[in-house]
Structures are given as structure tokens and as C-alpha cells.
Amino acid sequence: MKIPKVGIIGIGQSHFKAKRQDANYPELVREAVKLAMEDAKIDFDEIEAIVYSLAPDALLGIGNAERLGVDAVSAKNKRFMRINTGGSTGISSLAAAHSHIAAGACDVVLVAGADKVGECGDSQTILNKIWDPTYERALPLGTINMLAMSAVRYMHKYGMTEEDMAQIVVKNRAHSALNPHAHLRELTSVDEVMKSRMISWPIKLFDACPQSSGGCSVILASEKYIKDRGLDAVWITGVGHSTESYYLGDRMGKHFTADHADAHALSEACYKSYKMAGVVDPLKEIDVAELYSPFSNTEFHAIEAAGLAKLGQSPKMLSEGYFKIGGPNPVNPSGGVLCTNAIAVTAMVRVAEVALQVWGRAGAHQVKGAKKGIASGNGGDHQFFGAMVVES
Amino acid sequence: MSNHIQVGVIGSAQVSPANLNQASLEEILNTLTHAALKNAGMTIDDIDGIVVAACDQLDGRAISIMAASGSVGGVGRDILSTPSGSEHAFILGALRVKSGMYKTQLVLSWSPLEVDSISEIQKLSNDPYYHRALPQDDLSTYALQAGVLESEVSGVRESVIKFTQQSREKGRVAYPNISATPVQEVQIRDSKMLRWPITEGMVCEPRFGAVAMVLSNQDWIKDKQIKNPAWIHGMGWATETTYLGDRNLSDMGSLKAAAHQAYHESGISDPKSAFDVVEVSDPTGYQALLSLDGLGLCDSKDWRDAVHSDRFSSKGSLPVNLSGGATSFNPVFCTGLLRLAEAANQVRGCAGAHQKSGVRKSLGHGSSGFAMQYNSVVVFANLPKENQL
């Protein structure tokens, strides 16, 4: 059956930084909401439901911290629920809000959240607690060494080098320098990346995302609401999610269920969203991509999962300039997760940035003529994946 | 919900193992999933998407949904999580089917397995600067709410004691092996005071439990010739404001808003006469009575007469919590989804020993958070909404 169209009518995001000691957690949420409401030019009375985007409570040190955010999103006596799928929470929240509207339950839904990862102490200590307490937590696993193992596998399988990874960092920093909302905005070089501190081979400090603080909010509305009021909007035309196994051991060895080098479930999520949006050839049809890649190596398999390169071909295409602003298939023109990672909203920012691109409102990092884009989010232990196609 | 797709509950299952040391969480969830799918006449291949509700703090995992992906069949599927409440998982599952993007959904939630102190976990939900030191856990907030009712409703304590006694009697039928005690009014009244005015006898010790429900659209129900779906006629959900100090604890604005949404969608103008059975949130009898008031089913001035008659019994005019409610079986966190499952099961005619005969329409109410911050209401019926088919 035909899925009702759902539009984006407002976007707000913080200027992300390591720490925001000028604002507490609910105030950060409110900051993003206020910006989105001003962008949409609607009153709070118009908001019928709120989907609250909040990843692990432990990063904030507050249990069910969404309860503290109720006032920040003006939700009193309104429909309200929280979504958490780890790093993909932001795009999962948007998917949940999309369901609110597509089901006909609401015309206008506010999606909002914030995080203070830069003030949590040590995010890797917290994120170690995502793993099974009996089998994998004690290794000890963190999200960095988890994806370092993916990098090693990708190197073995496709011949990626550490210099290839560094080229991703150089590209994304060049992009983030143009994005006033990005956290890390300084240009860098392959040499500087290669000399940065080794964290978990082959991932070095500059290959890794920062711990960011800030908020994001996106307002969705039904086609009828948008047309009746003559609002400016861009459209979510594709939504897809898929999931991999919990145990990393299931992605390794001779009998893996999915190769840890690749992003099998991300590919499924992307192609679900393409199918819904009617995208047949993403390489030709997708003008811009914001792909959740917290480490430089993961951008390669994300690009391939999104159908913008064949398996193992993205390092070569990167060197040929395919994925930079001005190239044939710009990826992460905002600078991506590698330059900004406020976990609760990171995947929402991906959708927001694609929306701004196809809206023609991305500013200095605008991809010229962008009309159709894809955003993705990854959560859990590289386990939950979401994708959205957004069109003008 | 205004589009033409109708959603029904076609399967459900509950587990509450006697000995948790004999099964891991994954094994329990896998068993639960198989049971729910079997009840729906399905295999996992028939499930389009999954919504899970679990609490990181109670589970001791930073993203508790992760453990569920394999055990509930999430690998290769669309799986989301609503940690704000188990009842929210049901709401989102129904919305996803209603959206037309999914034919079926599996919805499930579970309570904690091995927590040293649920109270200490709950205190972490207070803001770290102003309220965490109070200390305030769920029971404290229920007691504050009960205290307001004590000051506003004459004789409420005796009504609560009677209601609790009746719930325990119902629980002995519904869950004979695990239902809480005491069942005598004097013990409920005179047992140890936990948080004034709530006594030990008024509450039920938490116990592990897990609940799953299977939802589908009307085409699936028709194609598979499912005989006894519980059709969702209406849903509502809403939240109170953040801080207790900003709320009137005896006036459940969010519950009234949620009920209004659900009744409006269901076309119900007189809720008092609309339902054959209701399952309401009841962390204590105070909250149960307050819920009945907020739902428009029994005003506070009528509580005394209602509990001293048979109105809330299976033979009464408004059967309430024939399952015994959470005051009889209390799987913390998933009690909201359990209320919805019990209400749906009554319509499906598969509630078990506490089944009321001839149930055509039921109401399920779940709540979560301090002093019932979140409230969700679902109206189930044995027939689809005529004007939409």
C-alpha cells in the first residue's frame, strides 16, 4: 500500500562542543527545541506528540533521564515516548515519529534530545557496559576496539591501509571546517593523523570521533498539515532498519553470521529505505549522504553498504575524490560523526543534515543541486542500523 | 488513528520462571517469543518488526535492548526500544502496523532478573542536584500521591484496603502459584508501614516476569482466518510534567488526556458503561482508584460504595483487574504491558482461570514513572470498527 508522505518542517541543532557547562541537560534539549520551533514557525499548541531521543542513561548519570526532559519539550499532557537503540537512537526516534504520522495518529510530531558525552567522564568505560556481563564485557570490549577489529578485517579482506583511513579524516575535517555546528573543525593532514596517538590499532586518536555535548530537534508533519498551511518542507520518502547479532563472536571466525569487515545489516536498512523511496541505483540517484561513521575505517563500509561503492572499492574512490564536496557522491559534508558525536542525537543530526542539504539550506557545506539524500545511524555494538531517504 | 488500517492483537504469552538460576535472560526471552508466536499461529518469519521495552538500570546493561536482538528474532529485522515504558512498546508496535509499513509486530518487555536494590535504581531517576538526595523512589512517590488522596477523599484508606483485598482474591484465581499475600483486610491494614500511608500489605514484592504480544493488520487476520483477535479501537498516551512539585498528584491530567484520546478514537462517549472488563495500573490500591477516576470509570466520591459492593468483581457492572493486578503479581517495569495483555486476552477469550465470559470490549491502562508520570490507555474489542471495514 501507499505510505502517507511525511515531511520535515523544522530543524534545530546546537553548536556542539566537548562541554556545555553553561547549560544543564534539559536546557540543552530546550536549546535545540527552541531552534526547531523557530525554524518551523509554529506554536507549541500545534505539537501533538513528542518522541524523545535518548541513548544510554549511563552517559548522563540519570536513570530514565527522559523524564527530566518532559518539560524541556513542553510535553505536559501530550503523547510522549522515548526511543533508545544506542547510537542509532536519533534515526530510530525519527522512524518512530514517522510511524505516528503515517498511522494517522498525529499531524505534527516533535523529535528532540541532547547528550553531554563530553562531560560523562569516560564514555568507553560506560559503553563497555553494553556487552553481556558474563561473556564479552570482561575482555574488555569498548566501541573503539570493537571497530578496530572491523578495520583489521577490512584491511585483510580489501587491502585498506592506515593512510586510507587518514584520508577519510582529512576529507571530513575539510567538510566540518565549513559547518558551524560541528565540534572538531580544524583542518588536518594525513601526516598529522598518522602521528596521532594510537588507541587501538589501527585506530588512532584522529581516526576516532570526539565526545560531544549538544542537542538536536526535528519537527515532522503530515502532508495534509504542510499543504493546508503552505509550509516549506522536505520529505522523508524512505525508512529502513535492520539488526545484527548481539555477540561480536558471531561476526568472526569460520562460521560468522555476518562479516565484521562489512556492514551487512546497514546495507539491509539502506536498501529497505531505497525500496520504499523508489531508488533503484543509489550511485546515480543519491546526491548526498550522511553516513554514521564514528571511526574513519567505518566510513568505507558504510559507503559500500549504502550502495555508493562496490565492496572494497571505496578507499580507491576516496583517493579519486568521489566523496568530497564537489565530487560525484559527497559523503558526510557536515564532517560527520567523526567530527561531532553527541550520541543521543548523532543519528538525528545525520537526517537533519541531509534534510538541510536537499532543502538547499546547508550553508557553506552545501552540496550544489542536492535533491535526494540518504542518512544512516548505527547503534549497539554495530548492531542496530537505521536509514532514511530525504528528498526536496 | 484516522487511516483505514485496523490493528488487532492475535497472540500473547507470559513467563515467570520459578527458578531464575536455571535460565539466562536470552533463554527466557527466546522461550517467551516462541510461546507468543505459537499463540498467534506464526513463525518468526512472519514478523516484520519488533518493539522491545526494557530498563537499562534494572537490567544492568547500558543498552538493554541489545541482548534481545538474537533471542527474540531481531537479527535481520527492524527492532526498536521504548525504555520510557513497556506500554509504550505496545503503542509504537500498533502505530507501526497502522502506518501500513508493517503487517505484523512482536512487542515484548521484561522485568529485572537480579537487582540488589530496585529502590536504589529508581532513585537514580531523580535529578542529581535537587531531588536525588531526598531520597525518592517509586514507592515514595506513590505514598506522596496517596497522602494527597488521604487529605482529599474521606474514607479512602478503607476503600484502598478493601480494593487490595479484592485484588488479592482475584490474584489467587488468576495466578494461584505466585499471587501475593496477604488477602485479609486486617493484615493489609495493620502490616508494617513502608511509606505512610502505604503498608507492606498493600504492595506486592517485585517478581520476575516477561510479557509478549503479537499484533497484525486486518488483512493478516482475514487471510489467516484468525478467530479471536482483540481489535484495537483506540489508543491514548500522555505524560505528566517532570517535577512532582509542579503537579497536582490527585488530578491525573495525563491520564485524562490519554483516556480522551482513546475514547475519542473509539467513539466512546460514556466510558462508565462501555467496558465488560478493565485492567488498570495499580502499584497500590490508591493508584488503582485514582486511575479509575482519571479514566472516568468511577469518580472518587463513588469509591467507597464501589468497593463495598460487587461492582469491581467479575459479576459486577465494572469488573476491574480480574488478573489481580500488580498488587498481586508485580513484574516491575513490564506491568504496563501486562495490563494491556490481560485486557486483550479477556477479549480474545484466553485469559485463563480469570476469564470473564462474553467480553466484547475491554480497557487496558499502563503507567510508568514517578507517581504515574506516563499514562497509556488502549481500548480493545472483539469486533473491528464497523465504519472502517
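Letters A, B, ... are given to chains in the order of the sequence lines, protein chains preceding strands, and every chain is numbered from 1. In what follows, every heavy atom counts, from backbone to side chain, and hydrogens, waters and symmetry copies are set aside.
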Quiz item: How many angstroms lie between CZ in A:Arg79 and NE2 in B:His88, if you round to the nearest 0.5 Å?
Solution: 11.5 Å
Quiz item: If you measure from CD1 on B:Ile50 to NE2 on A:His241, what distance do you get to the nearest 0.5 Å?
Solution: 13.0 Å
Practice problem: Taking the side chain as every heavy atom from C-beta outward, state whether B:Leu80 and A:Phe384 have any pair of such atoms under 4.5 Å apart. | Solution: no
Quiz prompt | Partner chain B: residue of A:His100, A:Arg67, A:Lys129 with the largest heavy-atom pair count (under 4.5 Å) | solution = A:Arg67
Practice problem: Side chain from CB out, backbone as N, CA, C, O: work out which of these in A:Glu66 comes under 4.5 Å of a heavy atom of chain B, or both, or neither. | Solution: both
Self-check item: Heavy-atom proximity to chain A below 4.5 Å, by part of B:Glu26
Solution: side chain
Quiz item: Just wondering, do B:Met66 and A:Asp132 contact through their side chains at under 4.5 Å, heavy atoms?
Solution: no
Quiz item: What part of B:Arg77 is in contact with chain A, defined as an atom under 4.5 angstrom from a non-hydrogen atom: side chain, backbone, both or neither?
Solution: backbone
Self-check item: Closest contact, heavy atoms only, B:Met101 versus A:Met276
Solution: CE-SD, 3.7 Å
Quiz item: Does NZ in B:Lys103 sit with more than 12 non-hydrogen atoms of other residues, nucleotides or ligands closer than 6.0 Å?
Solution: no
Self-check item: Between OH on residue B:Tyr129 and CD1 on residue A:Ile62, distance to nearest 0.5 Å
Solution: 7.5 Å
Quiz prompt | A:Met81 and B:Thr239, any side-chain heavy atoms less than 4.5 Å apart | solution = no
Practice problem: Decide if atom CZ of A:Phe44 counts as having more than 12 heavy atoms of other residues, nucleotides or ligands within a radius under 6.0 Å. | Solution: yes
Exercise. Please flag which part of A:Ala75 lies under 4.5 Å from any non-hydrogen atom of chain B: side chain, backbone, both or neither.
Key: both
Quiz prompt | Option that, when pairs with chain B are counted at under 4.5 Å, heavy atom only, ranks first among A:Phe385, A:Tyr247, A:Tyr52 | solution = A:Tyr247
Quiz item: Does a side-chain N-to-carboxylate-O contact under 4.0 Å join A:Lys272 and B:Asp78?
Solution: no
Quiz item: What option among B:Pro83, B:Gly369, B:Ser254, B:Ser64 has the most heavy-atom pairs under 4.5 Å with chain A?
Solution: B:Pro83
Quiz item: Hey, is CG on A:Asp22 packed in by over 12 heavy atoms from elsewhere, all under 6.0 Å?
Solution: yes
Quiz item: Are the side chain of B:Ser81 and the backbone N or O of A:Thr85 linked by a donor-acceptor pair below 3.5 Å?
Solution: no
Quiz item: Quick one: what part of A:Ala96 sits under 4.5 Å from any heavy atom of chain B, side chain, backbone, both or neither?
Solution: both
Quiz item: Do A:Glu244 and B:Ser69 touch side chain to side chain, with heavy atoms closer than 4.5 Å?
Solution: no
Quiz prompt | 4.5 Å side-chain heavy-atom contact, B:Thr82 and A:Arg82 | solution = no
Quiz item: Between B:Arg247 and chain A, which part of the residue has a heavy atom less than 4.5 Å away: side chain, backbone, both or neither?
Solution: neither
Quiz item: Quick one: are A:Tyr25 and B:Asp127 in side-chain contact, heavy atoms under 4.5 Å?
Solution: no
Practice problem: Begin with the C-alpha distance, continue with both residues' side-chain angles, and end with the deciding distance and a verdict on salt bridge (Lys or Arg N to Asp or Glu O under 4.0 Å) for B:Asp246 and A:Lys76. | Solution: CA-CA 11 Å; B:Asp246 293 334; A:Lys76 181 183 177 182; over 6 Å; no
Quiz item: Mind checking whether A:Asn77 and B:Thr241 have side chains closer than 4.5 Å, heavy atoms only?
Solution: no
Quiz prompt | From A:Ser92 atom OG to B:Leu92 atom CG, the distance as rounded to the nearest 0.5 Å | solution = 10.0 Å
Quiz item: Between B:Gly253, B:Gly70, B:Ser71, B:Ala257, which shows the greatest number of heavy-atom pairs under 4.5 Å with chain A?
Solution: B:Gly253
Exercise. Output, in order, the C-alpha distance, side-chain angles, deciding distance and verdict of side-chain contact (heavy atoms from CB on, under 4.5 Å) for B:Tyr243 and A:Leu68.
Key: CA-CA 8 Å; B:Tyr243 294 105; A:Leu68 294 183; 4.1 Å; yes
Practice problem: For the pair B:Ser99 (side chain) and A:Ser99 (backbone), establish whether a donor and an acceptor sit closer than 3.5 Å, ignoring hydrogens and angles. | Solution: no
Quiz prompt | Segment of A:His98 engaging chain B (4.5 angstrom heavy-atom cut-off) | solution = side chain
Quiz item: Is chain B contacted by the side chain of A:Asp381, its backbone, both, or neither, given a heavy-atom distance below 4.5 Å?
Solution: both
Practice problem: Please round to the nearest 0.5 Å and tell me the distance separating atom CD1 of B:Ile121 and atom CG of A:Asn64. | Solution: 10.5 Å
Quiz prompt | Region of B:Asn126 that comes under 4.5 Å of a non-hydrogen atom in chain A | solution = backbone
Exercise. Check whether B:Asp56 gets within reach of chain A through its side chain, its backbone, both or neither, counting any heavy atom under 4.5 Å.
Key: side chain
Quiz prompt | Side-chain heavy-atom pair B:Val75, A:Thr257 within 4.5 angstrom cut-off | solution = no
Quiz item: Using a cut-off of under 4.5 Å for heavy-atom pairs, which of B:Glu240, B:Gln373, B:Lys123 has the most such pairs with chain A?
Solution: B:Gln373
Self-check item: Euclidean distance, A:Asn84 CG relative to B:Ser84 OG, rounded to 0.5 Å
Solution: 10.0 Å
Practice problem: Below 4.5 Å from any heavy atom of chain B, which atoms of A:Val51 appear? Answer side chain, backbone, both or neither. | Solution: neither
Quiz item: Under a 4.5 Å heavy-atom cut-off, does chain B meet the side chain of A:Phe80, its backbone, both or neither?
Solution: both
